[in-house]
Amino acid sequence: MAIEKIHIEKFLELAKQHPVLDVRSPGEFKHAHIPGAYSLPLFTDEERKIVGTAYKQQSREQAIKIGLDFFGVKMRKMVEEVESVVSQQSADDKGGPGLQTANCILVYCWRGGMRSAGVAWLLDLYGFKVYTLLGGYKKFRNNVLDTFKLPFQFRILGGYTGSGKTELLKT
């Protein structure tokens with residue numbers, strides 16, 4: 001199966017039915033993540049720091065080699081963890097409507113780059129149908145911020161005195 005890079009709109013639509021894996025570091029996930037996403041970090045916080053430093057101070061290729069040292073020993077555990085996530089979601093859904101591909105996985109990292117590509121490659125190799133988010137979490141965050149630019153209509157309903165309408169309107 002080929003890995004598909006998809007835009008935020010399709011990613012969020014598929015996320016309603018399929019597991020979403022955040023492969024950023026635990027610290028990044030803790031700071032913020034797509035609601036409902038599972039944390040499947042490619043690197044620990046310290047490993048991410050080491051790889052990032054090598055990328056900036058040495059070269060992209062050196063950073064990849066260091067990253068492979070960290071990633072290689074985790075591959076089997078990551079596949080087994082994804083199997084567990086898919087199995088759990090399938091059990092929760094009980095094969096309900098809309099579950100078109102039981103082994104479909106959505107993956108993202110910070111910018112939709114090397115971390116998500118590496119994990120997507122592994123999961124694709126194993127046999128999962130993998131989609132990655134173009135632009136990564138950064139694109140999701142900007143998409144959310146863009147919704148605040150849209151006009152909203154609010155209607156406050158409450159037929160009872162003391163329901164807090166006035167306080168809400170003042171706020």
Can any side-chain N or O of D45 pair as donor or acceptor with the backbone N or O of G27 at less than 3.5 Å?
yes
Can you tell if the side chain of V51 reaches within under 4.5 Å of the side chain of F43, non-hydrogen atoms only?
yes
How long is the straight-line distance from OG of S39 back to NZ of K30, given to the nearest 0.5 Å?
12.0 Å
When clusters are formed by joining ILVMFWY residues with side-chain heavy atoms under 4.5 Å apart, either directly or through shared neighbours, do I66 and V73 land in the same one?
no
Taking the side chain from S87 and the backbone from E83, do they hold a donor-acceptor pair closer than 3.5 Å?
no
Within-4.5 Å side-chain heavy-atom neighbours: V23 and P41:
no
Tell me, with the steps shown, if F71 and L122 meet side chain to side chain contact (heavy atoms under 4.5 Å, CB included).
CA-CA 10 Å; F71 182 38; L122 173 65; 4.0 Å; yes
Atom CZ of F70 with >12 non-hydrogen neighbours under 6.0 angstrom:
yes
Would you mind writing out the side-chain donor-acceptor pairs for residues 111-120 within the sub-3.5 Å range, not counting sequence neighbours?
unit_1: R115; atom_1: NH1; unit_2: E28; atom_2: OE1; d: 2.7
unit_1: R115; atom_1: NH2; unit_2: E28; atom_2: OE2; d: 3.2
unit_1: S116; atom_1: OG; unit_2: G113; atom_2: O; d: 3.3

Taking all non-hydrogen atoms of both residues into account, name the closest pair between N103 and F128 and its distance.
O-CD2, 3.3 Å
K170: salt bridge (Lys or Arg N to Asp or Glu O under 4.0 Å) partners, not counting sequence neighbours
none
The criterion is salt bridge (Lys or Arg N to Asp or Glu O under 4.0 Å); which residues satisfy it with R60, sequence neighbours excluded?
none
Given 3.5 Å as the limit, does a donor-acceptor pair link the side chain of N143 with the main chain of K139, or not?
no
Whether H18 side chain and L14 backbone form a donor-acceptor pair below 3.5 Å:
no
Run V82 and Y38 through side chain to side chain contact (heavy atoms under 4.5 Å, CB included) and show every step you take.
CA-CA 9 Å; V82 174; Y38 296 90; over 6 Å; no
Sequence neighbours left out, what pairs pass side chain to side chain donor-acceptor pair (under 3.5 Å) with at least one residue falling in residues 4-15?
E4-K129, E13-K16
Can you name the salt bridge (Lys or Arg N to Asp or Glu O under 4.0 Å) partners of E47, sequence neighbours left out?
K74
Contact summary for V20 and A15, nearest pair of heavy atoms
CG2-CB, 3.5 Å
Could you grab the distance from atom NZ of K77 to atom CG of L40, nearest 0.5 Å is fine?
8.0 Å
Straight-line distance of I8 CD1 to F11 CZ, nearest 0.5 Å
7.0 Å
To the nearest 0.5 angstrom, please state how far the CG atom of L21 sits from the CG atom of L133.
12.5 Å
Is the backbone of I34 close enough, under 3.5 Å, to the side chain of Y108 for a donor and an acceptor to pair up by distance?
yes
Under 3.5 Å: donor-acceptor pair, side chain of S84, backbone of E80:
no
Nearest 0.5 Å please: distance from the CG atom of L106 over to the CD1 atom of I6.
5.5 Å
Residues M75, Y126; criterion side chain to side chain contact (heavy atoms under 4.5 Å, CB included); working and verdict:
CA-CA 10 Å; M75 289 181 177; Y126 189 72; over 6 Å; no
Answer yes or no: are there more than 12 heavy-atom neighbours, outside F29 itself, under 6.0 Å from its atom CZ?
yes
Would a hydrophobic clustering, with Ile, Leu, Val, Met, Phe, Trp and Tyr connected at side-chain separations under 4.5 Å, put L134 with I105?
no
What is the distance from atom CZ of R24 to atom OH of Y137, rounded to the nearest 0.5 Å?
6.5 Å
Can you list every pair that meets salt bridge (charged side-chain N to carboxylate O under 4.0 Å, His left out) and has a residue in residues 61-71, with sequence neighbours left out?
none
Heavy-atom distance under 4.5 Å between the side chains of E81 and M78, does that happen here?
no
